[in-house]
*Asks:* 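Could you have a look at this structure, given as structure tokens, before my questions?
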Amino acid sequence: MIELEHVSKTFPGQDVAAVGDLTFTIPEGESVVLVGPSGCGKTTTLKMINRLIEPTGGTITVAGRDVAQMEAHELRRGIGYVIQQIGLFPHRTIRDNIATVPKLLGWEKKRIQARVLELTDLVDLSEDMLTRYPSELSGGQRQRVGVARALAADPPVLLMDEPFGAVDPIVRTRLQDELVSLQARLNKTIVLVTHDIDEAIKLGDRVALLNIGGVLEQYAPPEELLRDPANAFVADFLGTDRGIKRLSLVPISQINLDPGPVLPRSAPVAEAREMMRRYQIDWAVVGGDGRIEGWFTENDIAGHDTLDRVHLLPFQTKLAATDSLQQALDAVISSHTAVAAVFDGERYLGMVTSEEISREIIE
Amino acid sequence: MIGLAQTQAQGVFRWDWIGRNIDAIWDRTVEHVVLTVVAVSVGLVISTVLSLIIVRYRKTYTPITWTTGILYTIPSLAALAFLVPITGLSHLTAEIVLVSYTLLILIRNIVAGIDGVPQDVLEAARGMGYTRRRRFIEIELPLALPVIVAGIRIAAVTVIGLVTVTSLIGLGGYGFFILRGLSLFYSPIGTTQILVGTALSVLLAVVVDVSLALTERALTPWARRKAPA
Amino acid sequence: MIEFLGEVVAWFTDPANWTGVNGIPNRMWEHIQMSVLATTAAAALAIPPAVYLGHRRKGGVIAVAGVNMARAIPSFAIVAISLPFSIRLGLGLGFWPTFIALFFLAVPPFFTNTYTAVAGVDDALVESGRGMGMTQPQVVRRIEIPVASPVILAAARVASVQVIATATLAALVAWGGLGRYIIDGFATQDSVQVFAGGLLVAGLAVVAELGFSAIERWWLPRGLREPSEDIARVAA
């Protein structure tokens, strides 16, 4: 756990504080993203945690210890640190780069060796890269080495300063996904700085949105931030498409599902026509008791008395209740029927409609 | 007349002179090398100290480079002229003159080398908990090495050339041959000695330069490997 | 020590040292004249081909070899070698061997600086010039030479300081100049004259260095002001 209490920083020779009076808590094992426009003091705040920048006021505690009372270099050896330009040591091999902090801590050779191999595996690098120098690696590979190096001594806290800012968008997305899955396994306390709100939403358990001068405008889980921005600044920073952004964070189970135009096999065709009229559509579904067999259109039932022998079409996409509304929206707008069926395993739960999704956005 | 005929038959260059003076050439080689090594080593020690002061206190950069720049500008013969009345025709005189020329070159390169260490590398080192001293020795110095060695190469080659001038106070290495050749300028023996002195000085400069370059290559394996496209 | 300095002052105030062939005005004039002559000749000969090759972006090998040669060959050796050659060419002692030596000494700084500066002009500048319809000579005159001018001026400073320093050694090939005081003083063990000669030469070199630096700073348009590196500087 990291606690900031009334932390402030005014750089020498400047009248205005980079960070005025900042108080918030970063819970153990969570990832918190500091985001905001340039000049909001997000990087300053991050660097005050490992004392690369010394605060001019307030206290910062990491795991209950006041960082100002610790030797700066010992504090830093216990905190992983990743920066945008990575800062790999060009004169050392990848192996030695990863081993940096364990060596500073004076680990035994064997232990370092084993740890390096473990990390190589963890960040998905191949072992033959260990003897190379940083200049021989691609940007994405270097960033992985940077993460491995930060994790080398297994620090409980990881500070990341725009870690994916210098790689191309495709690699960035992949590295973000890797960080998410890495965090799912490691449960580090991560503080990450970015200027990219989408990255913040994707990577943060919580997002701290800062305004110029280190003013904390809102500190909330991303979903809450998007659903309920605290003020106009937050709403503006999130952008006009914040409703759409939020869809990726809300599971389908959060909204009401329509039971859908479902009829048993034995139902007479007249009942099907009545159902279609009520729904104002030209199709319906055959099923019941948590199962569905398929769907048919108005044309398919011409000449039939009941639905027994009607030819059924299979559903193209099946959604799970845990899928996000973004996936649901995608399925809805690309289907013939403008709805998508939601299942829990094999059990049919209901239909997602565009109306329900937009109701969730508007709310 | 006989002498002249002999001269023309043997040309301007008297190869036989070399054979007859192998011992003297060897002695002057040792002298030249010792003068150079001492000057560059002492220069390196002084320059390192001054560079560390500059790195620590930036404001000293201008006065230090200005002063060493003046030392560098003073012609070597003038420097000898100042020192001979004080320190006499001694090794000390020669070395002071030689060292004073290395300072500007070495300080510029050492400071440039340290300044050239990428900021992100330094920040990463700090962020990972390097102490100041350890960061300097393990990160800054090795990364500054190519530029520092470049400075040592220039300083060494410069000093090797200047040693020929200190022959005027009797400590000139190969310059001894050049000076004696000048006093015999009318004879092929004189020309031969000038050419031999010059050629050996250039050869020594090239050998030292190449050796330092190879040493640097061996010490900086990371600089040789580049990313496969 | 103070006594010695008193003698030096006395040397400077002795009227005998201010008149005649061996007087300070004449020796100073010889020194400056020779230095200007050799430097100007070297500039005139080295700059045009360097601009041409730099413009064509060809000849980098010559430039690099030039610096290395200039460093490796002692300037004293250049002075010494020029003597027998001058004699064989029938040019005699004194002026010509000195001029030849100083000329060859000044060529590499001019060539290398000019070549490097012209070849180093930003390609985008050249391209935009040509895009606006400049001919090749116009690109050279209006873009490459003005942009390269600080570095070429730096070459003039480096070359003249070096030439002034080396001209002192010309007393060894029977020429005049300020070196006479030092060389003759060594020969007659007159340490007062040696010291005084040293002061005159050092003063001249430092004045040239500072003077050229001032010109460089003052004369150049602000847009081109940047630290000019002494690419081809050689100690003498």
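A, B, ... follow the sequence lines: proteins, then strands. Residue 1 opens every chain. Because only heavy atoms are used, hydrogens play no part in the values below, and waters and symmetry mates are left out as well, while side chains stay in.
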*Asks:* Can you give me the closest heavy-atom contact between C/Val201 and B/Pro75, atom names plus distance?
*Replies:* CG1-CG, 3.3 Å

*Asks:* Could you tell me which residues satisfy salt bridge (charged side-chain N to carboxylate O under 4.0 Å, His left out) with B/Arg20, sequence neighbours excluded, listed by chain and number?
*Replies:* B/Asp16

*Asks:* Please report the interatomic distance CD1(C/Ile182) to CG(B/Leu80), rounded to the nearest 0.5 Å.
*Replies:* 8.5 Å

*Asks:* Residues in salt bridge (charged side-chain N to carboxylate O under 4.0 Å, His left out) with B/Arg58, at least two apart?
*Replies:* B/Asp115

*Asks:* Give every residue pair that meets the side chain to side chain donor-acceptor pair (under 3.5 Å) criterion with at least one member in residues 89-98 of chain B, sequence neighbours excluded.
*Replies:* B/Thr87-B/Thr93, B/Ser90-B/Thr93

*Asks:* Report which part of B/Ala205 has an atom under 4.5 Å of a heavy atom belonging to chain C: side chain, backbone, both, or neither.
*Replies:* side chain

*Asks:* Relative to chain B, which of C/Val79, C/Ile78, C/Leu199 shows the most heavy atom pairs under 4.5 Å?
*Replies:* C/Leu199

*Asks:* Do C/Phe76 and B/Leu77 come close enough that some side-chain heavy atom pair is under 4.5 Å?
*Replies:* no

*Asks:* Non-hydrogen atoms of chain C under 4.5 Å away: do they reach the side chain of B/Ser167, the backbone, both or neither?
*Replies:* side chain

*Asks:* Do any of residues 4-18 of chain C have a heavy atom less than 4.5 Å from a heavy atom of chain B, and if so, which, in residue order?
*Replies:* C/Phe4

*Asks:* Where is the tightest heavy-atom contact between C/Ala80 and B/Ile178, given as atom of each residue plus distance?
*Replies:* CB-CG2, 3.2 Å

*Asks:* Could you tell me whether the side chain of B/Ile194 reaches within less than 4.5 Å of the side chain of C/Leu83, counting heavy atoms only?
*Replies:* no

*Asks:* How about B/Val84 and C/Phe186: do any of their side-chain heavy atoms sit closer than 4.5 Å?
*Replies:* yes

